[in-house]
Amino acid sequence: MTATSRRAVLAGATALPLVSILSRRGSAAEFSYKLATNLPITHPLSARNAEAAARIKAATNGRLDIAIFPNSQLGSDTDMLSQVRSGALEFFTLSGLILSTLVPLSAINGIGFAFKDNAQVFAAMDGPLGAMVRAEIGKRGLVAFEHIYDSGYRQVTTSTKPINTPADLKGVKIRVPTSPLWTSMFRAFGSAPTSINFNEVYSALQTRICDGQENPLSVIDAGKLNEVQKYCSMTNHMWDGFWLLANKDAFAALPADVQTIATTEFARAAIEQRADVQALNASLRDSLSKRGLVFNDVDPELFRDALRKAGFYAEWKGKFGDQAWSTLESTVGTLS
Ligand code: X2X
């Protein structure tokens, strides 16, 4: 190998995780696929998928070798969504709310205060509502795996003040992920939402482009957002999850037995990941408090009422349509 081609190989390799570089040496994988996530490998979303990839490699005798790219290594969520659509990326996890820029219905689980508890969330998402969303995703050149991964209930953090009532959200410059439903919700609260992909959130908060953001505690911790935020208000304003998506052609190219192994192992990863995330979201308040984040609780009814008065529920019922709305309501009861 000439010095120039070695340099080119090394430069090209900088985005590859070490394990994949080592395992590719002499690797006879028939299918070398990539799976990308926006969260660090320390978050159960990335960690459980890495375990699944190792099990899939073993169970297929190395025929399917999936390299994990956590922490937005392959770009922002917006970039990675284009990559998985074009086939440049084979597997990708994405919040249904962000996916709604392509598949409008997939934002439906983000309706404010829709779910009473996790039992309702997973009854809906593993049941008729999730099936409806996956069918819509399937129409757009993507495969959605059966069990959505958990992100959890989202809480508001700021560097400026605690949020006790909806009035405290007025005028707050808050980062939201790229999704019309998120923007609509925080406009309904009278905030000034800015859409920013997760890979730029830490610096947007650090440089005070935004005063606040909202995420489950497990994401706040994994992204170290507590380093650049002071207050955390337990609003529990929506439940969010990640669909594992595959490029349809790439998945169809796998032999049936390999597809079955992948489906089984990712289902196991999702179920284990949910338990991890629920445990983290329950325990992190204490640990983040010890690291200086100041917590407060709110009366969720006040926030729900503010959304109601701003016409949020009526607007989104109209957008999702009666059939989808009644499928959601069949699990959670009447929403408004
Ligand atoms: O971008 C976010 O805030 C995150 C990590 O929660 C999502 O993927 C929606």
Side-chain angles (χ1 to χ4, degrees), residues 17 19-20 23 29 31-74 77 80-81 84 89-96 98-99 106 109 118-119 121-127 130-131 133-134 137-138 142-152 198 216 218-219 221-223 239-248 250-251 254-283:
V19 275
S20 108
S23 66
F31 300 92
S32 290
Y33 281 6
K34 298 185 283 297
L35 186 161
T37 65
N38 61 1
L39 294 176
I41 196 69
T42 48
H43 187 281
L45 174 71
S46 306
R48 290 295 187 181
N49 277 329
E51 290 176 5
R55 291 195 302 269
I56 291 165
K57 188 175 175 187
T60 62
N61 295 318
R63 280 191 294 160
L64 175 55
D65 186 354
I66 303 172
I68 305 290
F69 293 82
N71 208 21
S72 304
Q73 280 178 16
L74 299 186
D77 276 335
M80 293 190 283
L81 179 58
V84 78
L89 172 62
E90 292 83 10
F91 295 104
F92 173 42
T93 56
L94 184 62
S95 157
I98 301 179
L99 178 61
S106 70
N109 62 261
N118 284 331
V121 166
F122 295 109
M125 302 312 289
D126 289 341
V133 172
R134 289 201 310 281
I137 297 172
L142 297 170
V143 176
F145 285 74
E146 190 177 352
H147 298 296
I148 194 166
Y149 294 62
D150 198 2
S151 186
F198 189 70
S218 54
V219 175
D221 182 53
W239 179 85
D240 187 28
F242 299 93
W243 290 111
L244 174 62
L245 306 170
N247 174 278
K248 199 174 250 176
F251 194 68
L254 299 173
D257 62 322
V258 174
Q259 286 185 2
T260 304
I261 290 168
T263 305
T264 307
E265 296 304 339
F266 285 131
R268 174 174 161 192
I271 299 302
E272 291 176 345
Q273 186 270 358
R274 290 177 183 176
D276 296 342
V277 163
Q278 286 156 29
L280 275 176
N281 284 339
S283 66

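The structure displayed is predicted, hence computed values, not measured ones. Positions are given from 1 along the sequence.
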Exercise. Say whether, by atom type as modelled, one donor and one acceptor occur between the side chain of Asn71 and the main chain of Gln73 under 3.5 angstrom.
Key: no

Quiz prompt | Side chain proximity check, Leu245 to Leu99, heavy atoms < 4.5 angstrom | solution = yes

Quiz item: CG/Leu254 to CD/Glu90 distance, rounded to the nearest 0.5 angstrom?
Solution: 9.0 Å

Quiz item: Which pair of non-hydrogen atoms, one from Ile66 and one from Lys34, has the smallest distance, and what is that distance?
Solution: CG2-C, 4.2 Å

Quiz item: Got a sec, which residues hit ring-ring contact (aromatic ring centres under 6.0 Å, His included) with Phe266, two or more places apart in sequence or on another chain?
Solution: Phe91, Phe145

Practice problem: Measure across Val84 and Ala246 and return the closest heavy-atom pair with its distance rounded to 0.1 Å. | Solution: CG2-C, 4.2 Å

Quiz item: Does any non-hydrogen side-chain atom of Ile148 lie less than 4.5 Å from one of Val121?
Solution: no

Exercise. Using distance alone, with no hydrogens and no angle criterion, decide if Trp239 and Asn118 have a side-chain donor and acceptor under 3.5 Å apart.
Key: no

Practice problem: Please examine the side chains of Met80 and Ser72, heavy atoms only from C-beta on, and report whether any two atoms are closer than 4.5 Å. | Solution: yes

Exercise. Would you give the length of the straight line joining atom CG of Leu142 to atom CD1 of Ile137, rounded to the nearest 0.5 angstrom?
Key: 7.5 Å

Self-check item: Whether Gln273 side chain and Asp150 backbone form a donor-acceptor pair below 3.5 Å
Solution: yes

Quiz item: Could you go step by step and tell me if Arg48 and Arg274 meet the side chain to side chain contact (heavy atoms under 4.5 Å, CB included) rule?
Solution: CA-CA 10 Å; Arg48 290 295 187 181; Arg274 290 177 183 176; over 6 Å; no

Quiz item: Can you tell me how far CG of Asp77 sits from CD1 of Ile98, rounded to the nearest 0.5 angstrom?
Solution: 4.5 Å

Self-check item: Gap between atom CG of Asn247 and atom CG of Leu89 - 0.5 Å precision
Solution: 8.5 Å

Exercise. Nearest 0.5 Å please: distance from the OH atom of Tyr149 over to the CG atom of Leu94.
Key: 13.5 Å

Quiz item: Can you list the steps and then say if Val277 with His43 is a side chain to side chain contact (heavy atoms under 4.5 Å, CB included)?
Solution: CA-CA 8 Å; Val277 163; His43 187 281; 3.9 Å; yes

Quiz item: Where do Asn281 and Ser151 come nearest, in terms of heavy atoms and distance?
Solution: ND2-O, 3.2 Å

Quiz item: Between Leu244 and Leu35, is a side chain to side chain contact (heavy atoms under 4.5 Å, CB included) present by the stated rule, with each step listed?
Solution: CA-CA 9 Å; Leu244 174 62; Leu35 186 161; 4.1 Å; yes

Quiz prompt | side chain to side chain contact (heavy atoms under 4.5 Å, CB included) assessment of Thr37 paired with Phe242 | solution = CA-CA 10 Å; Thr37 65; Phe242 299 93; over 6 Å; no

Quiz item: What pair of heavy atoms forms the shortest contact from Arg134 to Glu146, and how long is it?
Solution: NH1-O, 3.2 Å

Self-check item: Closest heavy-atom pair and its distance - Pro40, Ser46
Solution: O-OG, 3.2 Å

Self-check item: Heavy-atom pair with the smallest gap, counting every atom of Pro70 and Ile68
Solution: CD-O, 3.4 Å

Quiz item: Going from CD1 on Ile271 to NE2 on His147, what distance comes out if it is rounded to the nearest 0.5 angstrom?
Solution: 4.5 Å

